[in-house]
Structures are given as C-alpha cells and as structure tokens.
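Owing to the predicted nature of the structure, the values given are computational and were not obtained by experimental measurement.
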Amino acid sequence: MLLPVLTLAILLSGCSAGSKYMPPRGKESGKILQIGIGNAYDQEVNGKRVIAYKEAEKDGLRFKYVAVWLTPGWTGWVNRKMLLDISRDGYTPVLIYYTFGDDNSRQYLERNNREKLKAWYKDIKENLVPLVKTGSEVLVVLEPEFNVINGKHETPVTEWDEWNDIIGKAIDYLHGASPYCKVGLCPGDWGNYDLEKCMGRVASKNDFIAFQEMRGASDPSTDTSTKEYRDVIGSALKFSEYLRKAFHRPVLLAYMAFSSYKNGNPLGWENETVEITKNMFDRQSELADQGVFGILCFNYFDDPNHGTYFFGEAEKYFGLKSASGKPKKVLKIWQNNGVPRQTIKGE
C-alpha cells in the first residue's frame, strides 16, 4: 500500500475545459484507487449522534473522500461548517447533488414554464454555491442517475441535446464560485451506452464523470442469484471504459451500494456483498486503467430511515456497519484497502 497514489490532482492536471485528457499510465500510476465513505455527515447510532467519517477513522479506514448527499430539503441538515471540518481534517468533501430523481425527463423539466429548472438554478446559486466556498477542494457530483427512464412515456434526457446547455450553466455557476470546486455529471450504469447526445457538448466543462453501481436481493426485476448480476466489476469496467473513451475525463465511482438484506434478514445477502466488494478491490488496477481515480461506499452505517425505493426494504441495509454500529463482514475489505492516512494529511 506504499505505492504511488492515483490522486484527483494528478488526473485533473491539464484537464480544464478544452484541454486534452491524459489517461492513467498503468503501473506508473500505482493502480491504487482513493476510497471514500458516505452518505451523511452524521447519523444516530444507538441513540447517540456520531460523525460518520470520525467513526471510520476509529475503525482504521484509510480514505480521502467524505460524501454527503444533498437531496430536496438538504439546506436544513448540511452546512458549510461541516465541509470546513471535513477539509480541515484532511479529507475532500464530495457533495452528491440529487434533485430530479426518477421523475427526470424533458417533459418533467419543461412543465409549467420550466418551474423545476428555475427552482434548480435558484438552489444552486443561493445554497450550493456558498457551500463550496471552503478554500479547499470540493467535488460536486451532479444529478446522479439523471439518465433514468421514468416509465411515463416521456422523453429521457439522453435524447435531449439541450441537457448539455442546462448542465453547462450549472457547472459555470459552481466553477465561478471557487477554483477548488470540481464538478461532474453522474449517469447511472444501466448497461446502455447512449450519453453522447446529452453530454457530448458539455463533457469538456466536467472535471470528471461519475457513475454508480447498486445491487440488492430485493431488486424486483432481476434474478439476483446469477453470476452475471453479481459481476459488478465487469459492469463497472465496461461502463468506465465507455465514459473514458466517449468523454475523455477522469472517472469517479461515486457510490457503490450493495445491500446485505434478503428475505427479511438484514444479513441474508451479506456473503454476496463481500464477494462483490472483494472483486471490485481485487481488480482496482483495471478500473484505474480506465481512468477511475476513486471508489466510494454509499453508506457507512445502515440507515433505518432510508426510503424504500427501487430495492425496497434492502435500501436500509447498504452500510458497512449495522444501524447499531456492529461491523459487517464487508467492512474488513474496506479496512484492507485505501491509502495510508499520512498521505492524506497536508496534501
């Protein structure tokens, strides 16, 4: 673990708008990914409010990124002091800005004289822009899974060229707020490689491109018992290769969410999450070769208050530890990876 570290600073050097992206140089990069945790600054564990990344420190994790999700209503629970604390402790905050969700479509955004877009820009300018002014590096992951098809027979943004301009305007606001703010769109990995129309023109404004990988045994549309479903590393390699070749930007695996839940048992799919995660880290050098510089877990703790969306009850069990703070088997894999802590401080 003392090999040279693949850092965002290295990957982003020479990657400003219009510049040529230089992919990692294989062995010379060290092929070690920076890791991070999510998805909240703090959480109640056994009746006590704890700071998630501080708990990860105590557990011996060696990480660089601390992800905080900003969902509708976020201004009530996330503030600039939290980001300053994260930065002062030597970590890089990652703000995952999630507004449109599964409703996203051209019609959704154009409805009622574009009221959703107007509110979106207002929130970015009045709330998100002040938040990133920390004087240190902050990553902003814009609109995770924006390429969703909402099932309402509406036009997905992947077929809408103006999405380039909509996102470009938001990125300009954020870049104008701080020279240390790095911004990237976050398509979902659905196995479709159809992003050129909606991202081709705006790609050069992105400092990186992010994506996600999620699996759970409560997925109602998929046979989770198959090797293909559990071959997350295979999917991640294909998608990151596509993103690198199509958009010529560094790539961030912004959140891996693998639920331990199955059939009413919070640990019923635990062994599968261990297998999936181990494969991800065993082949991290291959991800690095595709331009991936970081890999973040979705939740450090299980979240009993998490909504039951696509994965149903399994959504509450994406953590590396239970809601009561008990380690899951997968935590050991994260403890065995990442860069030494002393390489993070004082960067």
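In terms of modelled atom types and a separation under 3.5 Å, the side chain of Arg215 and the main chain of Tyr229 share a donor-acceptor contact. The backbone N or O of Arg114 sits nowhere less than 3.5 Å from a side-chain atom of Asn112 that would complete a donor-acceptor pair. Of the possible donor and acceptor atoms, one in the side chain of Ser240 sits under 3.5 Å from a partner among the backbone N and O of Leu237. Judged by distance alone, with hydrogens and angles left aside, the side-chain atoms of Asp223 form a donor-acceptor pair with the main-chain N or O of Ser225 at under 3.5 Å. No side-chain donor-acceptor contact under 3.5 Å links Asn336 to the backbone of Ile333. Side-chain atoms of Glu213 never come within 3.5 Å of backbone atoms of Asp189 as a donor-acceptor pair (strictly under, hydrogens ignored). With Lys328 contributing its side chain and Leu267 its backbone, the two residues share no donor-acceptor pair below 3.5 Å. Distance alone, capped at 3.5 Å, is enough to place a donor-acceptor pair between the Ser260 side chain and the Pro266 backbone. Checked by atom type and distance alone, the side chain of Tyr121 pairs as donor or acceptor with a backbone atom of Ile166 at under 3.5 Å. No donor-acceptor distance shorter than 3.5 angstrom exists from the side chain of Asn279 to the backbone of Ile233, with no hydrogens or angles considered.
Ring-centre distance between Trp69 and Tyr255: below the 6.0 Å cut-off. In this structure, Trp334 has its ring center at least 6.0 angstrom away from the ring center of Phe63.
Residues Arg62 and Gln335 share a closest heavy-atom pair of NH2-O, 3.8 Å. Contact detail for Ala323 and Val45: the closest heavy-atom pair is O-CG1, 3.4 Å. Of all non-hydrogen atoms in Tyr41 and Val68, the two that sit nearest each other are N-CG2, 4.1 Å. Between Asn164 and Lys197, the shortest heavy-atom contact is ND2-O, 2.8 Å. Scanning all heavy atoms of the two residues, the minimum distance from Lys125 to Pro130 falls at O-CD, 3.6 Å. Nearest heavy atom pair, residue Asn147 against residue Gly188, reads OD1-N, 2.7 Å.
The distance from atom CD of Glu57 to atom CD1 of Ile51, rounded to the nearest 0.5 Å, is 9.5 Å. In this structure, Ile35 CD1 and Tyr65 OH are separated by 11.5 Å, a value rounded to the nearest 0.5 Å. Atom CG of Leu174 and atom NZ of Lys133 lie 10.5 Å apart (nearest 0.5 Å). Note: Ser285 OG to Ile32 CD1 = 10.0 Å, rounded to the nearest 0.5 Å. The CE atom of Met199 lies 11.0 Å from the OG atom of Ser204; values are rounded to the nearest 0.5 Å. Residue Phe281 holds its CZ atom at 9.5 Å from CG of Leu287, rounded to the nearest 0.5 Å.
In this structure the side chain of Glu145 reaches within 4.5 angstrom of the side chain of Met214, judged on heavy atoms. A heavy-atom distance below 4.5 Å is found between the side chains of Lys321 and Pro327. Leu252 places a side-chain heavy atom less than 4.5 Å from the side chain of Leu296. In this structure, the side chains of Glu241 and Asp289 stay at 4.5 Å or more apart for every pair of heavy atoms. Inter-residue side-chain proximity for Ile167 and Phe146 is flagged as unmet; no heavy-atom pair is nearer than 4.5 Å. Looking at heavy atoms from C-beta onward, Asn271 lies in side-chain contact with Lys329 at the 4.5 angstrom threshold. Contact check for Phe239 versus Trp190: no side-chain heavy atoms found under the 4.5 Å cut-off. Side-chain contact between Phe247 and Asn206 is absent, with no heavy atoms from C-beta onward closer than 4.5 Å.
Side chains of Gln284 and Asn337: a donor-acceptor N/O pair is present below 3.5 angstrom, by distance only. Between the side chains of Thr99 and Glu143, a donor-acceptor pair is found at a separation under 3.5 Å. Between the side chains of Ser105 and Glu154, at least one donor N or O sits under 3.5 Å from an acceptor N or O. With no hydrogens or angles considered, no side-chain donor-acceptor pair links Ser136 and Thr134 at under 3.5 Å. Judged by distance alone, the side chains of Tyr261 and Asp302 never bring a donor and an acceptor atom under 3.5 Å apart. Neither side chain, Asn127 nor Trp74, offers a donor N or O lying under 3.5 Å from an acceptor on the other. Side-chain contact, Asn150 with Asp103: no donor N or O sits under 3.5 Å from an acceptor N or O.
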task = Mind running salt bridge (charged side-chain N to carboxylate O under 4.0 Å, His left out) on Lys58 and Glu55 for me, showing each step along the way?
result = CA-CA 5 Å; Lys58 294 176 184 177; Glu55 295 302 304; 3.3 Å; yes
request  = Take Tyr242 and Val251 through the test side chain to side chain contact (heavy atoms under 4.5 Å, CB included) and record every step on the way to the result.
outcome  = CA-CA 10 Å; Tyr242 162 70; Val251 180; over 6 Å; no
inquiry  = Quick one, Phe310 with Glu315, criterion side chain to side chain contact (heavy atoms under 4.5 Å, CB included). Give me CA distance, side-chain angles, the key distance, then yes/no.
reply    = CA-CA 8 Å; Phe310 183 80; Glu315 299 261 356; 4.3 Å; yes
task = Evaluate side chain to side chain contact (heavy atoms under 4.5 Å, CB included) for Tyr53 paired with Ile86, printing each intermediate quantity in order.
result = CA-CA 8 Å; Tyr53 77 90; Ile86 292 169; 3.6 Å; yes
query = Step by step, would you call Lys332 with Val274 a side chain to side chain contact (heavy atoms under 4.5 Å, CB included)?
reply = CA-CA 9 Å; Lys332 190 68 176 178; Val274 171; over 6 Å; no
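At most 12 heavy atoms of other shown residues, nucleotides or ligands fall within 6.0 angstrom of atom CD1 in Ile149. Taking a 6.0 Å sphere around CG of Asp161, one finds it holds more than 12 heavy atoms contributed by other residues, nucleotides or ligands. The neighbour count for Tyr180 OH, taken as heavy atoms of other residues, nucleotides or ligands under 6.0 Å away, does not exceed 12.
Linking ILVMFWY residues whenever their side-chain heavy atoms come closer than 4.5 Å, directly or via other members, leaves Tyr317 and Phe298 in distinct clusters. A continuous path of ILVMFWY side-chain contacts below 4.5 Å connects Leu128 to Met82, so both sit in one hydrophobic cluster. When the side chains of ILVMFWY residues are joined at heavy-atom separations under 4.5 Å, either directly or via intervening members, Leu83 and Val129 end up in a single hydrophobic cluster. No chain of hydrophobic side-chain contacts below 4.5 Å, direct or via other Ile, Leu, Val, Met, Phe, Trp or Tyr residues, connects Ile209 to Val148. Hydrophobic clustering of Ile, Leu, Val, Met, Phe, Trp and Tyr side chains at less than 4.5 Å, counting indirect connections, unites Tyr173 with Leu70.
Using the six-membered ring where Trp is involved, Tyr97 and Trp120 have ring planes that are tilted, between 30° and 60° apart. Ring planes of Tyr309 and His306: perpendicular class, angle over 60° (limits at 30 and 60°).
Residues satisfying the side chain to side chain contact (heavy atoms under 4.5 Å, CB included) criterion with Lys116, sequence neighbours excluded, are Tyr108, Leu109.
Partner Lys54 forms a side chain to side chain donor-acceptor pair (under 3.5 Å) with one of Asp85, Asp42, Asp89, Asp59 and no other, that one being Asp89.
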